[in-house]
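Only one structure is covered here, and it is reproduced in the block below.
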Amino acid sequence: MVSPGVQQYGFFFQLPADICRRLNPVRGALLVNNTVVIGIQWGDEGKGKIVDWLAEKSDVVVRFQGGNNAGHTLVLDGKVFKLSMLPSGIVRPGKLNVIGNGVVLDPWSLFAEIDSVIEQGIKVSPENLVIADNTPLVLPLHRELDILREQRAGSSKIGTTGRGIGPTYEDKVARRAVRVADLGNQGSLDSMIGRLLDHHNVLRAGYGAVPVDGSRLKTELLSIAGRLLEFAGPVWRILSERAEQGKSILFEGAQGSLLDIDHGTYPFVTSSSTVAGAAAAGTGIAPGRLGYILGVCKAYTTRVGSGPFPTELSDKVAHHLATVGHERGTVTGRARRCGWFDAVLAGQVCKLAGVDGLALTKLDVLDSLETLKICTGYRLDGNIVDRLPATADEQGRLEPIYETLPGWEGSVASSRSIGDMPENARNYVARIEQLTGRPVNIISTSPDRLDTAAVSGPFA
Ligand code: GDP
Ligand code: IMO
Ligand code: MG
């Protein structure tokens, strides 16, 4: 029961009503308008499902980082869409979908994806898809380099998706990337390719790979130029105009904050900035226009690829999470590693990624587990640690400290309201709020779009 003068803000949070009144006029106009959705674990939190659900009330859906290493799954009325490059708003008629400059774009993979969703009955044209003209391109040589490096690294490999994401970001920062608009300027394309291959062919020789032929690469690029350029535009200006018109823009993060190039479990990370601030740099929208920041997390934890994972399990609970949760990578089909919810990492990420509230997914996967554990701290060399240390070596030696909570009888699967859920499930959610310091605004209880409960905050 909420007392007068206090507003319920999530299950655990009760803010004094006068604070709510002061908060809302300040951020209220922006709160729902330009929501930024990010993953706060190691990716695959269910961002695609949440973005699709939120897209109903948005005008524009924007990807701002990552590339086709992402795999976002949408389930609409039993029909499954697996999107890698296309923003999740693409399945809803009348929405503008935008790929921002912070993304790295593999045009061949994009066209295959467009063709596949068109086959599934979705309309894709320059009317509902715009790509920033300054977006760097992922080329076949980037994919090859990604794979060559991983093969050479052997057991110390990162476990990348092999999509050429890292090598393309390297070329972007080294100022030798070919970008979308360059395909329309044949005059300078020769010199750009020359500059790119000066670097890559030396590198390839070191790996024993055959050199890339510049004129062949140019022919390949020109063969896709026409189709790609149809979608190209000044994204920074389009978003600025839409924002000024009061349109609602939804930013769709890829990967997760623990894979962030700066804040993640380096070097076992992806090569882009995955925190909310990247939405501004990765599109050209003013940072002050970014509204509510929604962090998506699973009710437990998963990770694909190598790297530290303090709460990883290998027992029958791991088997339960992997099988009931269908934990297999959307992009590469690899088995995802599974473990308990890590509140230390989630709480840390909420602070550094600027998360205002949480969307908790896959709560249904915990149905029928007798007891549940949440990591509330670590032991490292005999000391208690309450944050992720900066080195992979220390991260790899963390021993989780757990709190045990009772599981629940019955099921939360397909619940669309918090009132339908067993008390112990509600207590589990409330404990996550307490430990992370953020309200749970949305709870997802099945892959289906409609099995989503808005329980508090701006979406309720
Ligand atoms: P993303 O990369 O963050 O968009 O997540 P993925 O699509 O790679 O992985 C999430 C998986 O969980 C997908 O197969 C979703 O269909 C599924 N999923 C999302 N939310 C729920 C949920 O609440 N319950 C269950 N059982 N599955 C879910
Ligand atoms: P979504 O958007 C889960 C992981 C890879 C690898 C590391 C680096 O679906 O959540 P990369 O190919 O990016 O250089 O690989 O990052 N990774 C993801 N893991 N979900 C993703 O995307 C991922 N994108 C990259 O497994 O460990
Ligand atoms: Mg995914």
Side-chain angles (χ1 to χ4, degrees), residues 37-53 63 65-76 80-85 87-88 103-104 106 138 142-143 145-147 149-150 157-170 252-261 264-272 274 295-300 302-309 321 323-337 359-367 411-416 442-453:
V37 176
I38 55 168
I40 68 158
Q41 292 159 324
W42 279 287
D44 301 328
E45 298 90 348
K47 299 174 292 294
K49 167 175 169 166
I50 298 298
V51 169
D52 167 56
W53 186 81
R63 278 283 306 273
Q65 46 72 229
N68 63 339
N69 48 350
H72 296 181
T73 315
L74 280 50
V75 183
L76 328 180
V80 180
F81 293 89
K82 289 184 183 292
L83 304 175
S84 274
M85 287 299 319
S88 295
V103 164
V104 288
D106 181 328
V138 180
H142 294 120
R143 285 198 301 269
L145 182 57
D146 196 352
I147 292 163
R149 280 194 182 138
E150 287 281 273
K157 68 181 179 192
I158 306 288
T160 72
T161 57
R163 299 294 190 268
I165 305 299
T168 309
Y169 277 117
E170 288 168 31
E252 178 174 5
Q255 289 80 54
S257 304
L258 295 171
L259 289 169
D260 181 89
I261 186 67
T265 46
Y266 192 90
F268 300 99
V269 291
T270 192
S271 298
S272 65
T274 61
V296 186
C297 58
K298 280 181 190 170
Y300 49 98
T302 64
R303 170 164 209 171
V304 205
S306 325
F309 180 175
L321 299 174
T323 49
V324 179
H326 300 287
E327 295 298 355
R328 201 153 269 287
T330 313
V331 174
T332 56
R334 289 176 292 177
R336 294 177 184 147
R337 301 154 65 193
L360 189 68
T361 61
K362 305 191 96 162
L363 190 60
D364 53 298
V365 175
L366 301 183
D367 279 352
S411 173
V412 303
S414 303
S415 299
R416 294 179 189 178
I442 296 174
I443 302 177
S444 166
T445 54
S446 102
D448 192 275
R449 173 193 273 175
L450 299 178
D451 291 333
T452 309

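For ligands, and for the atoms within them, numbers begin at 1 and follow the listed sequence. Quick caveat: nothing in here was measured; it's all calculated off a predicted structure.
- Annotation: Arg303 places no N or O atom under 3.5 Å from an N or O atom of ligand 2; distance criterion only.
- Gly71 counts as a contact of ligand 2, since one of its heavy atoms falls under 4.0 Å from the ligand.
- Taking all heavy atoms of Arg336, Lys47, Glu252 into account, the minimum distance to atom 9 (O) of ligand 1 is reached by Arg336.
- The heavy atom nearest to atom 6 (C) of ligand 2, out of those in Gly162, Gly159, Ser271, Gly305, is found in Gly159.
- Note on ligand 2: Val269 sits in its first shell, one or more heavy atoms being nearer than 4.0 Å.
- For the Mg ion (ligand 3), the nearest N, O or S atom contributed by Asp44 is named OD1.
- Ionic pairing of Arg334 and Glu327 is not present here: no N-O contact between side-chain nitrogen and carboxylate oxygen is shorter than 4.0 angstrom.
- At under 3.5 Å, a nitrogen or oxygen of Thr270, whether backbone or side chain, sits near a nitrogen or oxygen of ligand 2.
- When only interatomic distances are considered, the shortest N/O to N/O separation between Lys298 and ligand 1 does not fall below 3.5 Å.
- Taking distance alone, with nitrogen or oxygen atoms compared against 3.5 Å, Asp146 stays at or beyond that limit from ligand 2.
- Contacts of Asp364 with ligand 1, taken as heavy-atom pairs under 4.0 Å, involve the side chain alone.
- Note: an N/O pair closer than 3.5 Å links Gln255 and ligand 2 by distance alone.
- The shortest separation from a heavy atom of His326 to ligand 1 is not under 4.0 Å, leaving the residue out of contact.
- When non-hydrogen atoms are compared, ligand 1 lies under 4.0 Å from the backbone of Thr73 as well as from its side chain.
- In this structure, Gly43 has no heavy atom closer than 4.0 Å to ligand 1.
- In Thr445, the part holding a heavy atom less than 4.0 Å from any atom of ligand 1 is the backbone.
- Checked against a 3.5 angstrom limit, the closest N/O atoms of Glu45 and ligand 2 fall outside it.
- Assignment of Gly39 to the shell around ligand 1 is not supported, since no heavy atom sits closer than 4.0 Å.
- When non-hydrogen atoms are compared, ligand 1 lies under 4.0 Å from the backbone of Pro447 as well as from its side chain.
- Here the shortest heavy-atom distance to atom 17 (N) of ligand 2, taken over Asn68, Leu259, Asp44, Asn69, belongs to Leu259.
- Near Glu45, the atoms of ligand 1 lying under 4.0 angstrom from a non-hydrogen atom of the residue are 3 (O), 5 (O).
- The closest non-hydrogen atom to atom 11 (C) of ligand 1, taken over Lys82, Arg328, Lys49, Lys362, comes from Lys362.
- Using a 4.0 Å cut-off between heavy atoms, Arg163 makes no contact with ligand 2 at all.
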